[in-house]
Amino acid sequence: MADSDGEYHADDGFDDEFGDHQVTSSSRPGTRNRSRPDKSKKGNRKGAKAAWEDIQRSWDAVVEDADGTLTGAIEGRAEAEKRARLLKDTTPLQRGIIRHLVLVVDMSFAMLEKDMLPSRYELTIAYASQFVQEYFEQNPISQLAVLGMRDGIAIRISDMGGNPAEHLEKLQGWVKQEPQGNPSLQNALEMCRGALFHTPSHGTREVVIIYGALMSSDPGDIHETIVSLVKDRIRVSVVGLAAQVAICDELCAKTNGGDSSSYVIALDEDHFRGLLINITTPPATRIQEQGNASLLMMGFPSRILAAGDSLHYCACHNRPTREGYACTRCGNRVCRLPAECPGCGLTLILSTHLARSYHHLFPLRNWVDVPWAKAKTSKACYSCLAAFPEAPSSPKNKNKGKGKDGGGAPAKGLSESGRYACEACGNHFCIDCDLFAHEVLHNCPGCQSDTRAAQLQNGGSNGNGTSNGDAITNGAMDIDS
């Protein structure tokens, strides 16, 4: 029987279990007999930590309050998360508030993975529904279409339209459908081009892809499709659910003027939702397109009700209805707004829709945190009248304010006193009112209720320019009286 090929040495981690177990080939005279490693070397080796052993755990940094609870630490972290959502750039930019966007959902076999609970597919459908609602909340005069990718082809889920109820109804019909087959980026992009081909030039053309696969089954050269997208001025954004794919990075870079930041990989469920919600903000207008400004004709119809028991048919769905809106140009009735008149093509909206789109052009400025030195001027929130924490009496306790994690430095933008001040009116607000004012109201309650601007207008103009949250007028804009 042939000798063994060499020596067998037990692993260092199992020396104590197996003792001096060694197998040595005795038939080879030149074979070296290796003894057990030195005890001192073994000890030094075990003393050094591997890279994966040096883990920073979040619960190690949590310090109990004086009463032995974690209430303060939990509230501080929750407040820091709320504040982080508000710390965004508020520079006024020219943006396209009339958007035409196509949402593409991956429905291939890759969406069966359960790394995001309950599964990638179910979570994507749920977040896509939330995206549709938030998209029309932030962009009421925009339009949206939804597509899917499965079995190597692109399928149309909902057509381009401005009614969120129709898109949500079509999306819910795919909840119980099992994802299958391979995705095809090229087929989906070509269908997006067809859906955006007839959109007017005054609006943006965007494509948002939720991509969970690591491959694409395309019938032709996808690089030719990318060139066509650049020619048609269509912007593409991709939210990946798996590893980064080279063709997606190239697609986003070429359709966004060399900027590949529109391709992001979702790290977890919350990050995934945050990436989709961020897309609801209209993109900034490119420099080359800023000179193409033109006037857009719109109609502002009034709501009408059929007299008696009579019924009318809406021109948009051809359904009987008793109420609707009459086109200001041709008189055709539509059931919901915003909409495009099927008869004359006039865009029909309400004045409130236009006002809700205005805050993207002049966003409300971020409020600043209030230190303890200036916190004594307020006892409660100016908006909701919620009581603020009292200022500590001794200076050494001032570092133990709200938002501190174990006495360390506070999170970025987090107020130690729990107060946030508008730089225009100087009023103090709590974190919940800060969040509501910047994400829902888009105006400062203190500036809106301030009467000093009216007094100045009655007495004479102060000559100062104003912007959102920049003077003692309202937090949004100057309105001619």
Side-chain angles (χ1 to χ4, degrees), residues 72 74-93 95 134 137-138 274 277-278 280-282 355-392 398-405 409-453 456 462 464-479:
I74 295 175
E75 291 180 354
R77 290 183 179 274
E79 185 173 335
E81 292 178 359
K82 294 179 181 179
R83 187 63 176 169
R85 294 163 56 186
L86 301 176
L87 295 179
K88 57 182 68 174
D89 188 12
T90 58
T91 304
L93 297 174
R95 300 180 182 273
E134 186 69 18
E137 181 70 23
Q138 301 293 332
I277 297 302
N278 291 338
T280 58
T281 302
R356 282 162 52 192
S357 303
Y358 182 82
H359 71 270
H360 293 298
L361 304 179
F362 296 94
L364 178 63
R365 288 193 174 187
N366 292 328
W367 294 344
V368 297
D369 56 298
V370 179
W372 282 119
K374 300 180 180 179
K376 296 182 179 179
T377 59
S378 61
K379 299 296 183 181
C381 173
Y382 181 83
S383 180
C384 66
L385 301 180
F388 285 137
E390 297 182 0
K398 289 187 177 182
N399 292 332
K400 298 182 180 180
K402 190 176 182 179
K404 298 282 184 179
D405 289 342
K412 181 180 178 181
L414 189 62
S415 175
E416 61 182 1
S417 62
R419 298 165 172 84
Y420 302 92
C422 173
E423 295 180 305
C425 62
N427 294 312
H428 294 177
F429 302 89
C430 63
I431 182 62
D432 294 321
C433 291
D434 187 3
L435 196 70
F436 178 77
H438 285 83
E439 292 192 348
V440 180
L441 192 60
H442 303 293
N443 285 286
C444 173
C447 296
Q448 292 287 347
S449 60
D450 199 345
T451 59
R452 289 177 294 175
L456 289 175
N462 58 2
N464 294 329
T466 58
S467 62
N468 198 351
D470 196 27
I472 56 175
T473 60
N474 61 9
M477 57 183 291
D478 282 339
I479 302 177

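Computed from a predicted structure; not experimentally measured.
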Student: Can you give me the closest heavy-atom contact between Ser383 and Cys433, atom names plus distance?
Tutor: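 Taking Ser383 first and Cys433 second, the nearest heavy atoms are CB-SG, 3.7 Å.
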Student: Which atoms form the tightest heavy-atom contact between Gly446 and Asn427, and what is the distance?
Tutor: CA-ND2, 3.5 Å
Student: Measure across Cys430 and Cys381 and return the closest heavy-atom pair with its distance rounded to 0.1 Å.
Tutor: N-SG, 3.4 Å
Student: Quick one: closest heavy-atom pair of Glu423 and Val368, and the distance?
Tutor: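 Closest heavy-atom pair between Glu423 and Val368: OE2-CG1, 3.5 Å.
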Student: Say you draw a straight line from SG of Cys444 to NE2 of His438; how long is it, rounded to the nearest 0.5 Å?
Tutor: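 Rounded to the nearest 0.5 Å, the SG-NE2 separation comes to 8.0 Å.
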Student: Quick one: pull up OG1 in Thr280 and CD in Glu134 and give me the separation to the nearest 0.5 Å.
Tutor: 5.0 Å
Student: How are the rings of Trp367 and Phe429 set relative to one another: parallel (under 30°), tilted (30 to 60°) or perpendicular (over 60°)?
Tutor: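 Aromatic pair Trp367/Phe429 classed parallel.
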Student: Does Glu137 have any side-chain hydrogen bond (donor to acceptor under 3.5 Å, both in side chains) partners at least two apart in sequence or in another chain, and if so, which?
Tutor: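 Partners of Glu137 under the side-chain hydrogen bond (donor to acceptor under 3.5 Å, both in side chains) test: none.
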Student: The criterion is side-chain contact (heavy atoms from CB on, under 4.5 Å); which residues satisfy it with Lys374, sequence neighbours excluded?
Tutor: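 If we apply the side-chain contact (heavy atoms from CB on, under 4.5 Å) test to Lys374, skipping adjacent residues, the hits are Val370, Pro371.
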Student: Evaluate side-chain contact (heavy atoms from CB on, under 4.5 Å) for Tyr382 paired with Ser449, printing each intermediate quantity in order.
Tutor: CA-CA 11 Å; Tyr382 181 83; Ser449 60; 2.9 Å; yes
Student: Using the side-chain hydrogen bond (donor to acceptor under 3.5 Å, both in side chains) criterion, which residues pair with Ser378? Sequence neighbours excluded.
Tutor: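 Partners of Ser378 under the side-chain hydrogen bond (donor to acceptor under 3.5 Å, both in side chains) test: Arg419, His428.
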